[in-house]
Amino acid sequence: MQSRSPVMENRSCSAGWRQSRPRIRALLAAEQSPGHVAVEGWVRTVRHGKGVAFLAVNDGSCLASLQIVVDTAGPAGRALERVGTGACVRAAGRLIVSPGSGQRWELVADELVVLGPVDAAYPLQKKRHGPEFLREIAHLRPRTNLFGAVFRVRSKLAFAVHRFFQERGFLYVHTPIITANDCEGAGEMFRVTTLDPLRPPGDGTQIAWRDDFFGEKTGLTVSGQLEGELFAMAFADIYTFGPTFRAENSNTSRHAAEFWMIEPEMAFADLAADCALAEEFFRFLIQAVLAECPEELGFFEQHVAPGLIARLEAVAAAAFARMSYTEAVGALQRSGREFSFPVQWGGDLQSEHERFLSEQVVGGPLFVTDYPAELKAFYMRLNDDGRTVAAMDLLVPRVGEIIGGSQREERLEVLERRMRACGVDPAGLDWYLDTRRWGSCPHAGFGLGFERFLMYVTGVENIRDVIPFPRTPGNARF
RNA sequence: UCCCCAGUAGCUCAGUCGGUAGAGCAGGCGGCUGUUAACCGCCUUGUCCGUGGUUCGAGUCCGCGCUGGGGAGCCA
């Protein structure tokens, strides 16, 4: 074995970023042996013998680990005593067809370097851990099978989101993270300020926000929709994909204070077109994950959600159901089912109602459209009946509401009337109203919660387990 | 924020009627083996979430608090 200088030791980082470091995913998929290779990764398990030891090394490129075979008496054997579960190692040797069963390829090491040792306190073991425990060590959980699979799927799907819209000519727009709109009714905002909380300017009873950094009260965005609409009325088809913040004190498995939302907006589109886009988008993403992440889905199928793959394939093949709010209320009333909350026209659909509709009545994704105007936000277009708006929610089994959208009210007078009815001061949104004043057009859009989609597609039941470092009430660690 | 449940070794969990704490895994040592969450033997490990109370005696019963989970509301 050749000796290496310290510079050579790190050559994969400094000169030619991957020349000496094939990913384990590529090695395991090799048709023919590439011969002598070096891999770097983290040890999942060690099986010691007298003459030979086996390391399972994972580099995050795929679910499977590469088996490293080490002759305990050979040159690589000296490092073995420092190798435990969790250690970071580099191993070099020949990639050969494994004589053992359980893997096609294995690496017979002639060199083994412990880059980062571990001690007995390393919390991850080769046995299964519960998700609650792993959440407490969110800095280490990406090294597990489950979270490795989740975050590879997350990455693939994030890219697929862009591919979907870019292929269809949508413009990607970065709407502001810091904003002064707090009147969208979407949720409580986090305050953004540089004022000293102990000595704020003002007369002692009111804070003088004009002395704050932006000269007015600002917060983190709860939605990029209003700005997205402005861009749709210039670029026709646009989308946003970015972080969104809600300061709601929500303690559930499907709410986070910081999450990623995708918000397309289309000019010259009505509610039917909006639903059609949502359905095509949803199906595109499911087909993408089926095609690109089969190993990960297999893992979720086996360890997280039996039946997942068949469910996804069915959803990818079938048309989504559509039902107006009025029809949904009728279906619930006819069901004869006892609900803890009564069903009546004009009332909000409760979680139990939504779940019953998507899980029992339809057995899959379901658009509910045309809700009573009093239940929805001011910007949703008033229908001709005068009492419903062109809104839609996409409900899916287990997760619930995953998309919320609407055709927007493009008529200036109607919009102003709706704003006043909803208690929103039109003066604060003069720039938004300007688009209705000059060159207004019919348009529609929706918001998809990216994490909720990940929950649906992975079967993971808690939103905290599909975000790298979740932010929820009382928790901003890491 | 509301309702319900839980908190015991590094992890997963058992602990009877209130009587002074255990198993598997992990870790250590030894053995064996081209192993596959290897296996076999031996060994180590405790603020029983915190706090106050009831009791001769509390992991166990009661109050309060903290943390986590499930559900509800809000919503994506």
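Bear in mind that the values here come from a model prediction, so they are computed numbers and not experimental data.
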Q.
Measuring only the C1' atom in each nucleotide, how far is U54(B) from G18(B)? A whole number of Å is fine.
A. 11 Å
(Q) Per the ring pair (Phe, Tyr, Trp, His ring centres under 6.0 Å) rule, what does the pair list look like for residues 93-130 of chain A, sequence neighbours excluded? (A) His129(A)-Phe133(A)
Q) Using the rule for Phe, Tyr, His and the six-membered ring of Trp, do Phe259(A) and A76(B) stack at under 5.5 Å and under 30°? A) yes
Q. Of all the choices, G68(B), G34(B), C75(B), which nucleotide is nearest to the side chain of Arg135(A) once you look at every atom?
A. G68(B)
Q. Paired with G30(B): which nucleotide, if any, by Watson-Crick or G-U wobble criteria at under 3.5 Å for both distances?
A. C40(B)
Q.
My understanding is that only residues two or more places apart in sequence, or in another chain, count here; which of them pass salt bridge (Lys or Arg N to Asp or Glu O under 4.0 Å) with Asp393(A)?
A. Lys376(A)
Q) If the P atom of G7(B) is compared with that of U12(B), how far apart are they to the nearest Å? A) 12 Å
Q: Identify, residue by residue, the members of residues 96-105 of chain A with a heavy atom below 4.0 Å from RNA chain B, and return them in order of residue number, or none.
A: Ser98(A), Pro99(A), Gly100(A), Ser101(A), Gln103(A)
Q.
Both distances below 3.5 Å, Watson-Crick or wobble geometry, any strand: find the nucleotide opposite A9(B).
A. none
Q: Look through every strand shown and name the nucleotide pairing with C74(B) as Watson-Crick or G-U wobble, where both distances are under 3.5 Å.
A: none
Q. Of the nucleotides C74(B), A38(B), U1(B), which has the atom closest to the Thr252(A) side chain?
A. C74(B)
Q | Closest non-hydrogen atom pair between Gly60(A) and Arg23(A), with its separation | A | C-NH2, 4.1 Å
Tabulated below should be each protein N or O lying under 3.5 Å from an N or O of nucleotides 40-49 of chain B; please produce it.
none

Q.
Please give the distance between the C1' atoms of G10(B) and A26(B) as a whole number of Å.
A. 7 Å
Q: Quick one: list whatever passes salt bridge (Lys or Arg N to Asp or Glu O under 4.0 Å) with Glu263(A), sequence neighbours left out.
A: none
Q | Considering all heavy atoms, the nearest Ala390(A)-Asp370(A) contact | A | CA-OD1, 3.9 Å
Q) Quick check, are the ring centers of Tyr432(A) and Tyr379(A) under 6.0 angstrom apart? A) no
(Q) I'd like the C1' distance from C32(B) over to C40(B), given in whole Å. (A) 8 Å
Q: Sticking with atom C1', work out how far A9(B) lies from G59(B), rounded to a whole angstrom.
A: 14 Å
Q: Nearest whole angstrom, please: distance from the P of G73(B) to the CZ of Arg246(A).
A: 17 Å
**Q.** Cation-pi check, Arg168(A) onto Phe284(A) ring (under 6.0 Å, within 45° of axis)
**A.** yes
(Q) I need a per-nucleotide contact map over nucleotides 8-14 of chain B, read 5' to 3'. Cutoff is protein heavy atoms under 4.0 Å; write B for the base, S for backbone only, - otherwise. (A) --BBS--
Q: Using a 4.0 Å heavy-atom cut-off across all strands, classify Arg254(A) as base, sugar-phosphate, or nothing.
A: base
Q) What nucleic acid atoms does Glu263(A) come within less than 4.0 Å of, heavy atoms only: base, sugar-phosphate, or nothing? A) nothing
Q: Enumerate the residue pairs fulfilling side chain to side chain donor-acceptor pair (under 3.5 Å) with a member in residues 469-478 of chain A, sequence neighbours excluded, ordered by first and then second residue.
A: none
Q: Return the set of residues passing salt bridge (Lys or Arg N to Asp or Glu O under 4.0 Å) with Arg143(A) (not counting sequence neighbours), or none when no residue passes.
A: none
Q: Determine the Euclidean distance between corresponding C1' atoms of G27(B) and G63(B); express it in Å to zero decimal places.
A: 40 Å
Q.
So for Ser250(A) and C74(B), does any side-chain atom that can act as donor or acceptor lie under 3.5 Å from a complementary atom in the base?
A. yes
Q) Counting only side-chain N and O atoms of Ser253(A), is one of them less than 4.0 Å from OP1 or OP2 of G71(B)? A) yes
Q. Which one, U1(B), G34(B), A26(B), comes nearest to the side chain of Asn251(A)?
A. U1(B)
**Q.** Pair Glu106(A), Ser98(A): side-chain N/O donor-acceptor within cut-off below 3.5 Å
**A.** yes
Produce the list of close N/O pairs, under 3.5 Å, pairing protein atoms with atoms of nucleotides 30-32 of chain B; give distances to one decimal.
residue : atom : partner  : partner atom : Å
C32(B)  : OP2  : Lys50(A) : NZ           : 2.6

Q) Looking for any heavy atom pair under 4.0 Å, which part of the strands does Ile262(A) touch: base, sugar-phosphate only, or nothing? A) nothing
Q) Hey, what's the ring geometry for Trp260(A) with Phe241(A), parallel, tilted or perpendicular (30° and 60° as the breaks)? A) perpendicular
Q: For Arg452(A), enumerate each residue passing the salt bridge (Lys or Arg N to Asp or Glu O under 4.0 Å) test, keeping only those at least two apart in sequence or located in another chain.
A: none
Q.
side-chain hydrogen bond (donor to acceptor under 3.5 Å, both in side chains), that's the test. Do Glu354(A) and Gln350(A) meet it? Break it down for me.
A. CA-CA 6 Å; Glu354(A) 295 182 340; Gln350(A) 303 294 317; over 6 Å; no
Q: Scan Thr244(A) against the nucleic acid and name what it touches under 4.0 Å (heavy atoms): base, sugar-phosphate only, or nothing.
A: nothing
Q | P-based separation of C4(B) from G65(B) [nearest Å] | A | 13 Å
(Q) Would Phe235(A) and Phe170(A) count as a ring-ring contact (aromatic ring centres under 6.0 Å, His included) here? Give the steps. (A) CA-CA 8 Å; Phe235(A) 298 92; Phe170(A) 282 65; over 10 Å; no
(Q) My understanding is that a pair needs two contacts under 3.5 Å, Watson-Crick or G-U wobble. By that rule, which nucleotide pairs with C64(B)? (A) G50(B)
Q. Looking across every strand, which nucleic acid part, if any, lies under 4.0 Å from Ala56(A) by heavy atom: base, sugar-phosphate, or nothing?
A. nothing
Q.
Taking only the C1' atom of each, what is the distance from U60(B) to C43(B) in whole angstrom?
A. 30 Å
Q.
For RNA chain B, which residues of residues 455-478 of chain A approach it to below 4.0 angstrom with any heavy atom?
A. Asn462(A), Ile463(A), Arg464(A)
Q | Paired nucleotide for A58(B) [Watson-Crick or G-U wobble; both distances under 3.5 Å] | A | none
Q: I would like to know whether Lys156(A) and Glu296(A) meet salt bridge (Lys or Arg N to Asp or Glu O under 4.0 Å); could you show each step before the answer?
A: CA-CA 11 Å; Lys156(A) 286 288 183 193; Glu296(A) 284 76 13; over 6 Å; no
Q) Are any of Arg47(A)'s side-chain N or O atoms less than 4.0 Å away from OP1 or OP2 of A38(B)? A) yes
Q) Under a 4.0 Å heavy-atom cut-off, which of residues 347-354 of chain A touch RNA chain B? A) Asp348(A), Gln350(A), Ser351(A)
Q: Using a heavy-atom cut-off of under 4.0 Å over every strand shown, decide if Arg44(A) touches base, sugar-phosphate, or nothing.
A: nothing
